[in-house]
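Notes to accompany the following structure.
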Amino acid sequence: MQSIETVKLSPEFQIVIPEKARELIGLQSGEMLKMITYNGRIELIPIKPMKSFRGLAKGIDTYVERGEDRV
């Protein structure tokens with residue numbers, strides 16, 4: 001799901017991330033973000049602790065068929 005909103009840059013070069021966008025990606029107050037500039041645009045990427053990825057691949061099939069010489 002996407003959200004396109006207009007924000008205003010303050011005289012101190014700050015912006016407020018709209019509530020709808022914060023809720024959409026689960027941002028919390030005080031959370032750290034990486035900022036990337038690319039082709040005239042700015043992207044903000046939340047830095048999530050590794051702990052939050054625990055169980056992400058639960059139930060994934062890790063079977064790999066091996067060749068006869070690798071049995």
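Remember, predicted model here, so these are calculated numbers, not experimental data.
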Open item on the list: Apply the hydrophobic cluster definition, ILVMFWY joined by side-chain contacts under 4.5 Å directly or through others, and give me every member besides Tyr63.
Closed with: none
Return a table of donor-acceptor pairs under 3.5 angstrom between the side chains of residues 11-19 and protein atoms on other chains or two or more places apart.
unit_1, atom_1, unit_2, atom_2, d
Glu12, OE1, Ser10, OG, 3.4

Open item on the list: Can you pull out every side chain to side chain donor-acceptor pair (under 3.5 Å) where at least one residue sits in residues 25-42? Sequence neighbours excluded, please.
Closed with: Glu31-Lys48, Arg41-Glu43
Open item on the list: Please tell me whether Leu44 and Ile25 are part of a single hydrophobic cluster in this structure, the criterion being side-chain heavy atoms less than 4.5 Å apart.
Closed with: yes
TODO: Mind checking the CD1-CG spacing from Ile47 to Leu33? Nearest 0.5 Å is all I need.
DONE: 7.0 Å
Open item on the list: I'd like to know if Leu9 and Val7 are part of one continuous hydrophobic network [Ile/Leu/Val/Met/Phe/Trp/Tyr, side-chain heavy atoms within less than 4.5 Å].
Closed with: yes
